[in-house]
Participant: 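Okay, here's the structure, questions in a sec.
Atoms within a ligand are numbered from 1 in the order they appear, just like the ligands themselves.
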Amino acid sequence: MKLNSWFQCINGCPEKVALNEIKYRCDTCGDLFEVRHDLNELKKWKPKRWKDLFEKRYRKHEWPYGSSVWGKKELVCPNLKNENIVSTYEGGSNLFWAERLGSQIGLDDLWIKQCGMAHTGSFKDLGMTVLVSMVKQMISEGKEIRAVACASTGDTSAALAAYCAVAGIPAIVFLPKNKISLPQLIQPITHGVLTISLDTDFDGCMKLVQEVCSANNIYLANSMNSLRIEGQKTISFELVQQFDWAVPDFVVVPGGNLGNVSAIGNGFLMLKELGLIDKLPRLVCAQAERADPLYRSFKNGFKDFKPIRARKTQASAIQIGNPISVNKAIRTLQAFRGIVEEATEQELANAAGKGNRTGLLCCPHTGVALAVTEKLARKGVIRKKDKVVVISTANGLKFTEFLYNYHARKIKGVHSDYAFKPINLPANFQKIQSRILKELDKK
Ligand SMILES: *Cc1c(COP(=O)(O)O)cnc(C)c1O
Ligand SMILES: [Zn+2]
């Protein structure tokens with residue numbers, strides 16, 4: 001097989017751009033690029049042959065194919081030489097049947113895809129491995145790249161920092177001051193990456209990083225760079241593979257900059273095109289009510305889209321008012337009979353609280369997705385027997401302050417329905433025993 005992939009404008013303008021060019025937008029219409037693949041070449045293999053190959057590689061030792069991103073290298077980025085791949089064995093995150101939570105919200109077949117079980121604790125690793133690998137390849141070809149930079153709500157910067165540290169490539173991260181969690185701030189710092197904390201919001205950081213990059217041979221790592229989308233679309237490949245190539249009825253994903261919902265859509269579309277699956281799920285994009293520009297647009301049938309100023313939300317990684325991938329996301333949602341729904345601070349916090357009582361450890365964004373799932377189940381849009389996958393985007397351990405404040409009832413405007421607290425007792429057998437028995441009797 002002679003595989004190839006390239007950048008091309010999402011509106012189908014004819015210009016094809018090589019993946020090792022430093023270019024993120026179409027000259028003709030100004031819209032974003034996406035990565036296109038030579039599908040005719042890929043179709044030379046029957047679906048069974050692809051499935052066998054992916055099964056054979058999955059979580060095995062042979063480098064880099066044991067990574068679930070690189071196990072699908074032919075469908076992700078065939079142009080990379082293996083020697084340039086920068087990988088931490090990403091992907092292969094567990095898919096958890098949330099039986100108890102499902103039964104509480106009236107769903108028999110609810111699954112949580114734990115994308116936060118990742119090297120840097122979020123799904124951002126899946127895309128960053130592709131982008132940083134391409135940078136390594138470009139540098140090896142003699143391209144002048146002084147550093148790689150991104151603006152971030154905390155998880156992109158963590159992933160960029162880790163992957164650049166693995167590869168030994170300089171990186172710079174732009175963060176909105178006091179708007180990310182402490183673990184997220186520590187991640188780039190501990191990797192020795194230039195960490196710039198700015199007195200603005202994510203949208204402000206995004207604008208500045210683009211200016212700095214274009215003026216200084218610095219490569220931009222935000223998801224407007226569609227190499228990231230190629231890695232993230234393996235979430236769909238993996239999901240389907242984990243269900244023995246069955247397709248769920250609904251996939252619910254929290255959305256901020258809207259790259260991931262587009263990526264997940266692309267993954268399913270590619271599998272369908274290659275005949276590995278024969279239907280598509282419905283996609284649900286879950287937004288925080290305080291940062292809900294896509295929800296507002298959905299409400300008027302996507303007739304228009306207006307950026308907003310995002311307000312402070314517990315779901316800090318999706319506190320974005322002017323999402324860069326909005327056009328991609330709208331197109332994707334239209335192709336998947338998509339739904340956009342939102343959750344208030346109260347709803348997202350309690351959805352996380354409720355989920356955690358059933359053994360999950362939800363980040364607030366997963367809380368948004370769970371709250372939206374519950375809402376759609378209540379409305380009858382999602383039915384009891386539907387197979388539903390909620391994409392848990394980050395590890396709850398990155399958001400302990402959110403969890404702590406929830407249980408300490410310190411989140412303003414939120415009534416913590418599932419609050420719980422430790423019991424302080426003297427180290428005395430009698431006192432401990434009588435208290436435990438009293439507590440157990442309450443149940
Ligand atoms: C980045 C991120 C999101 C949002 O993904 P987008 O592609 O920006 O829509 C959601 N949750 C977490 C934890 C993230 O890090
Ligand atoms: Zn164009």
Participant: What's the separation between atom CZ in R378 and atom CD1 in I105, rounded to the nearest 0.5 Å?
Facilitator: 9.5 Å
Participant: Looking at ligand 1, does any of its N/O atoms fall within less than 3.5 Å of an N/O of L258?
Facilitator: yes
Participant: Which of the numbered atoms in ligand 1 are below 4.0 angstrom from a heavy atom of G259?
Facilitator: 6 (P), 7 (O), 9 (O)
Participant: Which atoms of ligand 1 have any heavy atom of H365 under 4.0 Å away?
Facilitator: 11 (N), 13 (C)
Participant: Is a salt bridge present between E273 and K43, judged by a nitrogen-to-oxygen distance below 4.0 Å?
Facilitator: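 Yes, charged N to carboxylate O under 4.0 Å.
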Participant: Do V240 and L276 make a side-chain contact, defined as non-hydrogen atoms from C-beta onward lying under 4.5 Å apart?
Facilitator: no
Participant: Evaluate R309 against D201 for salt bridge (charged side-chain N to carboxylate O under 4.0 Å, His left out), listing each step before the verdict.
Facilitator: CA-CA 9 Å; R309 176 174 285 279; D201 57 6; 3.8 Å; yes
Participant: Among D155, N395, T120, T153, whose heavy atom sits nearest atom 13 (C) of ligand 1?
Facilitator: D155
Participant: Can you tell which part of N257 has a heavy atom less than 4.0 Å from ligand 1: side chain, backbone, both or neither?
Facilitator: both
Participant: Tell me the contacting part of K124 for ligand 1: side chain, backbone, both, or neither, using a 4.0 Å heavy-atom threshold, strictly below.
Facilitator: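 The answer is the side chain of K124.
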Participant: In the protein, what heavy atom is nearest to atom 7 (O) of ligand 1, and what distance, to one decimal place, separates them?
Facilitator: N260 N, 2.8 Å
Participant: Please list the nearest protein heavy atom to atom 5 (O) of ligand 1 with its residue and the distance rounded to 0.1 Å.
Facilitator: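 Of the protein heavy atoms, F123 CZ, 3.5 Å lies nearest.
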Participant: Heavy-atom contacts under 4.0 Å between I318 and ligand 1: side chain, backbone, both, or neither?
Facilitator: side chain
Participant: Can you list the atoms of ligand 1 that are under 4.0 Å from a heavy atom of G255?
Facilitator: 9 (O)
Participant: Under 4.0 Å between a Lys/Arg side-chain N and an Asp/Glu carboxylate O for E74 and R57?
Facilitator: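 Salt bridge: yes.
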Participant: Hey, what do you get for CG (N217) to CD1 (I22), rounding to the nearest 0.5 Å?
Facilitator: 6.5 Å
Participant: Please write down residue, atom name and distance for the protein heavy atom closest to atom 11 (N) of ligand 1.
Facilitator: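 Protein heavy atom with the smallest distance to atom 11 (N) of ligand 1: T393 OG1, 2.8 Å.
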Participant: Would you call R331-E34 a salt bridge at under 4.0 Å N-O?
Facilitator: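 Here R331 does not pair with E34 in a salt bridge, since their nearest N and O are not under 4.0 Å apart.
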Participant: If I compare all heavy atoms of L403 with all of G396, which pair ends up nearest, and what's the gap?
Facilitator: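 Closest pair (atom of L403, atom of G396, distance): CD1-O, 3.8 Å.
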